[in-house]
Amino acid sequence: MSSGSHALVEFEGVNKYFGDVHVLKDVTLEVERQEVAVVIGPSGSGKSTLLRCTNRLEEIQSGEIRLGGDAISAPDADVNRLRQRVGMVFQSFNLFPHMTAIENIMIGPTEVKGVPEAQARERAESLLDDVGLDNQADSYPHELSGGQQQRVAIARALAMDPEVMLFDEVTSALDPELVGEVLDVMRDLAEEGMTMLVVTHEMGFAREVGDTITLMSDGRIAERTPADQFFDQPRTDRGKEFLRRLL
Amino acid sequence: MSDAYSEESTGEGPDFLDDDAVVRRIGELIAGLFTLSVLGFLAWILATQVDYRLLRSVFPRFVEAFRLVVFIVVVSSVASVSLGTLMGLARISSSPLTGRIAKGYVEFFRGTPLLFQLFVIFFGIPRLWPPGQFPIGDWRVPAAIIGLTLNHIAYVAEAVRGGVGAVEDGQLEAARSLGMSKVQAMRKIVLPQAWRNALPAIGNDQIILVKDTSLLTVIAIPEIMSVFRNINSNQLDPWTPLVWVCLFYLLVTMSMSLAVSILERRADWSADDEVGGLRGLLSSIGKGLGRRL
């Protein structure tokens, strides 16, 4: 890993097209170590795409994305190795339905990093404990509630010991009464100093846990402000408009 | 006219069809009559048309044919399922060359009759050697196995392709996000799910494979239908040998579908019972039988 002078995640002049549609327009963004960067904005503004480019689930057409100084977007980058350093949690959980909760968490370390089975199991047990599911190790995903599934998915991503975690609207598919338990886990994670890029519609969470708010609008970063400032006095008209619509 | 929920006819069809219980009774009546007439017909055939002495005396000839058919089915089945799985993977390969070659294969073998394919292999291939030089003495059984296998690879491939297609995109994305290579993600995450999705279609195809062995009579294989034809033309008695034909095919196809439902159960991770070890196997056999009967 490279020098500490870099931000952990850097976007520099990133452009992304889906066919003719220009979804990310000249995006430049730096996320510092231990920062909780909350990305908000209307749907279709490019928030999820921004996240998916960070671990190269989507390719970009120009610009550069770096992780700890290493160009993740370079054509010759070792994608599989770089992805191990980026954990991702999805809106639809995407747990592996043919594996139990603990197997879901162990498969990354054993398959990708070659961690011995026993060691992976021990770590998975402690992660399950962290997300409050130590009694569900042998449950299959279909036996778990949405909130429990999402917590297993977070543990699965953490098992790879990533440097940064991406959260892509992770509470949007949940029943309202299950949202809290997932946000609690994310709050704990933030307090432990994990670097997080969070796309969410949960403004309470954004305000309380977020360090910075990045407002996206029409593929551009419209505003990037410390969280405590954004909700009281946004700097841009876009920000003001977004907050007005929220109320 | 009474209240809004009255049993008023909706306008189309006779009024009594609005009553679920009546429709259900009518269904049961039709099903019952159908079953009765089939059973009656069978009983009448067995009572008047079947010569039981002949039935007993031709049994060994059917057993011999049956053993040959089972041998051909087992070999072609194992070969077509394993090679067909590979062909299905080739079909969805990200390499356009591999994908197109596999597509061409599937189009050809699904698009021409099995009979034609058997003729090409049985009659055509040996003629590529000078007369008398073809190295295999009895080409019938090998030709049959090769023909059935090549044909059913195409159908298994399509089932596997469909099974992979039915796995959500998010599964591959989640696997790749953990840093798995494409091959690791396919092997550990996508294929186990795809296999479960494809199993019913593969099972269906393998039952058709069993019945396809009846075509082998045209390349002089002494299978079950050819035994029937011999007996029928010698004795002028179709019904007696047809009893054995029916029982033997049903024996193979029903064991086949039992095997498939056992495999389906074992691949079903949302099943309520624990599967694993001998007890798991026995319980899935029981459940499989339960589903059959």
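Proteins come first, then strands; the chains are lettered A, B, ... in the order of their sequence lines, and each starts at number 1. Only this structure's heavy atoms are used, side chains among them; waters, hydrogens and symmetry mates stay out.
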Looking only at atom types and distance, does a side-chain atom of A:Thr54 sit under 3.5 Å from a main-chain N or O of A:Leu51, one as donor and one as acceptor?
-> yes

If you draw a 6.0 Å radius around CZ in B:Phe71, do more than 12 non-hydrogen atoms from other residues or ligands fall strictly inside?
-> no

Might you work through the side chain to side chain donor-acceptor pair (under 3.5 Å) test for B:Gln206 and B:Ser77, ending with a clear yes or no?
-> CA-CA 7 Å; B:Gln206 295 299 299; B:Ser77 195; 2.5 Å; yes

Heavy atoms only, distances under 4.5 angstrom: which of A:Leu95, A:Asn94, A:Asn80, A:Ile107 has the most pairs with chain B? Name it, please.
-> A:Asn80

For the candidates A:Arg56, A:Arg156, A:His98, which exhibits the highest count of non-hydrogen atom pairs separated by less than 4.5 Å from chain B?
-> A:His98

Sole residue of A:Asn55, A:Asp161, A:Asp70 in side-chain hydrogen bond (donor to acceptor under 3.5 Å, both in side chains) with A:Arg85 | A:Asp70

Which atoms of A:Arg52 approach chain B - backbone, side chain, both or neither, heavy atom under 4.5 Å = side chain

Flag for A:Thr100-A:Asp138: side-chain donor and acceptor within less than 3.5 Å | no

Not counting sequence neighbours, list each pair that qualifies as a side-chain hydrogen bond (donor to acceptor under 3.5 Å, both in side chains) and has a residue in residues 89-113 of chain B.
-> B:Arg91-B:Glu158, B:Ser95-B:Thr98, B:Lys103-B:Glu107, B:Thr112-B:Gln117

Under a 4.5 Å heavy-atom cut-off, does chain B meet the side chain of A:Pro97, its backbone, both or neither?
-> both

Heavy-atom proximity to chain A below 4.5 Å, by part of B:Gln193 = side chain

Specify which of B:Ser181, B:Ser177, B:Gly170 makes the most heavy-atom pairs with chain A at under 4.5 Å.
-> B:Ser177

Interface check, chain B: of A:Met88, A:Gln84, A:Glu111, most non-hydrogen pairs under 4.5 Å belong to A:Glu111

Is it the side chain or the backbone of A:Phe90 that comes within 4.5 Å of chain B heavy atoms, both, or neither?
-> side chain

Could B:Arg176 and B:Glu173 be called an ion pair, given the rule that one side-chain N must be under 4.0 Å from one carboxylate O?
-> no

Side chain, backbone, both or neither: which part of B:Ala267 has a heavy atom under 4.5 Å from chain A?
-> neither

